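Chain letters run A, B, ... following the sequence lines, proteins first, then strands; residues in each count from 1. Given the structure is predicted, the values throughout are model-derived calculations rather than measurements.
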There are 2 protein chains.
Amino acid sequence: MPASSPKTRAARQPGNAPGVPLSPSRFGDEKATRARILYAALQVFAARGFEAASLREITEKAGVNVAAIHYHFGSREILVQELMRAVAGPLNQLRLDALDRACAQGAPGLEAVVEALVGPPVRLSFEATGEPRLLIRLLIQARALPQEATNHAIFEQYDALAIRFVDAMLQAEPALPREEAFWRYAFAIGALMYIVSDSDQQYHRLHRISGGLCNTDDPQAIVRQLVAFITAGIRARP
Amino acid sequence: MPASSPKTRAARQPGNAPGVPLSPSRFGDEKATRARILYAALQVFAARGFEAASLREITEKAGVNVAAIHYHFGSREILVQELMRAVAGPLNQLRLDALDRACAQGAPGLEAVVEALVGPPVRLSFEATGEPRLLIRLLIQARALPQEATNHAIFEQYDALAIRFVDAMLQAEPALPREEAFWRYAFAIGALMYIVSDSDQQYHRLHRISGGLCNTDDPQAIVRQLVAFITAGIRARP
DNA sequence: GTCTATAACACGATAGAC
DNA sequence: GTCTATCGTGTTATAGAC
């Protein structure tokens, strides 16, 4: 593994502006090989898992050569890290922006705080990528299988996000004990990730077992249901 | 892939009694090769993911030969299926038993229903296996990566469980609309799985970001927090 | 039932032509 | 920047001795 120049040159290349929501065309110039690899990697890693996915499947989907990944990223592991950064960063920025907007109109109520937490990921997951739910499925797998490559890349920014939102929850509900606020933040994230991942194309579990009552393809319905459930849960007497 | 006799003979072999909680020794006779393979498979699949794990790592951990898996199970895929069945069956039976016990003392309150839903998996996950949380991590991965092998094996029994518990929720809270009951059942499962998987040996995210306030190694605390949050969420006005 | 040996193939990575 | 060819390794699965 020599520190050859193409790798380091490719690693410095911008390719993806921070804070920009994901979409097939927003990993950079859609024609650029690097951008096409990243989007194909999103699809394949989300569908197969990080360890199980192969670079060959990614390059086939991207329509590029196998060697292109090593030229543009240097290694499989670096590709994973850059993908996670490209996914987690914009998503969390949307949440922080939503929280800032809520705070700009005075001290936000609990509903507004929870909406800022769950609204952006649900909407982004459905609207911003070609196939919905890829994004959340990728994050679920980063959690399900802790790996050095994925965790170090994303945990730091998620920790800061959590503390920011817990503080906002505590400000909206001053009677809430600090310990409960942290537990319930975690419960909220769990409910969010589970429901978004639930309804993938093949199974639609909740839709099926509810006899069609729950439309898990409607992001507005998901957000509405999540906010009602989570706010009531946060307000529960310990 | 000829339908040779050893495979089918091995597949019929009982090896694991239904309804028995999981533990290293309860996949069957602890000395039996088949039982040792199953327990090693639980550990390795939970740690690495279904596709990424190799049979070699499983057989090394079980102290058996590589060929033993093919002799006792026939193929990698059948091993996965039998493992999922051995994991999901006993867990859900514990939940149904707990619900039955609650119903035996008259119509159960919502707290009792939720406790029957989340208590058994939390306790089983911590107490019944050598390494805690292996069990839930396995189920999370079965959800995160939909595969024919895992999903068909477990979804049917989970569907029945869901409907049983939603009915119990509706009986405890007659004013609750049926649609909301299904949404909130899914949210409860999401919160449960997320919190149990959160605190694996390396990261302990919630414990860390809460500054040590939340003890995610205490199953009683987890169940208490889950029940408070979920019951309040279920009772939310739509 | 358990082992060794090996077939048949997919993987990540790299060298080197263009 | 992009391709082909290939190396070395690890994988599932099976054949056959014991």
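- Residue B/R76 places its side chain closer to D/dA13 than to any other of C/dT2, D/dT11, D/dA13.
- Every pair passing salt bridge (charged side-chain N to carboxylate O under 4.0 Å, His left out) that includes a residue from residues 90-101 of chain B is listed here, sequence neighbours excluded: B/D100-B/R164.
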Every protein N/O lying under 3.5 Å from an N/O of nucleotides 3-5 of chain C:
{"from": "C/dC3", "atom 1": "OP2", "to": "B/N65", "atom 2": "N", "distance (Å)": "3.4"}
{"from": "C/dT4", "atom 1": "OP2", "to": "B/N65", "atom 2": "ND2", "distance (Å)": "3.4"}

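- Applying the 4.0 Å criterion to OP1 and OP2 of D/dT11, one finds that B/S54 has a side-chain N or O inside that range.
- Summarising the geometry, the separation between CD1 on A/I37 and P on D/dT2 is reported as 8 Å, rounded to the nearest angstrom.
- Cation-pi check for B/R143 over A/Y194 is met; the charged atom lies under 6.0 angstrom from the ring centroid and within 45 degrees of its normal.
- Legend: residues meeting side-chain contact (heavy atoms from CB on, under 4.5 Å) with A/A188, ordered by chain and number and at least two apart, are A/L117, A/I230.
- Remark: side-chain polar atoms of A/R48 are not paired, donor with acceptor, to backbone N or O of A/S54 under 3.5 angstrom.
- Between C/dG12 and A/S75, no contact under 4.0 Å exists linking OP1 or OP2 to a side-chain N or O.
- Side chain of A/Y71, nearest nucleotide from C/dT2, D/dT2, C/dA13: D/dT2.
- The phosphate of D/dG1 (OP1 or OP2) has no side-chain N or O of A/T33 nearer than 4.0 angstrom.
- When rounded to the nearest whole Å, the span between NE2 of B/H70 and C1' of C/dG1 equals 16 Å.
- A straight line from CD of B/E77 to P of D/dT11 spans 19 Å, rounded to a whole angstrom.
- In this structure, A/I58 atom CD1 and C/dA13 atom P are separated by 11 Å, rounded to whole Å.
- Between the side chain of B/Q157 and the backbone N or O of B/N92, no donor-acceptor pair lies under 3.5 Å.
- In this entry the distance linking CZ of B/F73 with P of C/dG1 reads 12 Å, nearest Å.
- Contacts of A/A53 with the nucleic acid, taken as non-hydrogen atoms under 4.0 Å apart, involve only primed sugar atoms and P, OP1 or OP2.
- Whole-Å rounding puts the B/L79 CG to D/dT11 C1' distance at 15 Å.
- One atom, CD of A/E51, and another, P of C/dG12, lie 11 Å apart when rounded to the nearest Å.
- Considering B/W183, B/Y185, B/F187 in turn, B/F187 is the only one that fulfils the ring pair (Phe, Tyr, Trp, His ring centres under 6.0 Å) rule with A/F229.
- The nearest whole Å value for the distance from the CZ atom in A/F45 to the P atom in C/dG12 is 8 Å.
- Under the 4.0 Å criterion applied to side-chain N and carboxylate O atoms, A/E115 and A/R123 are assigned as salt-bridge partners.
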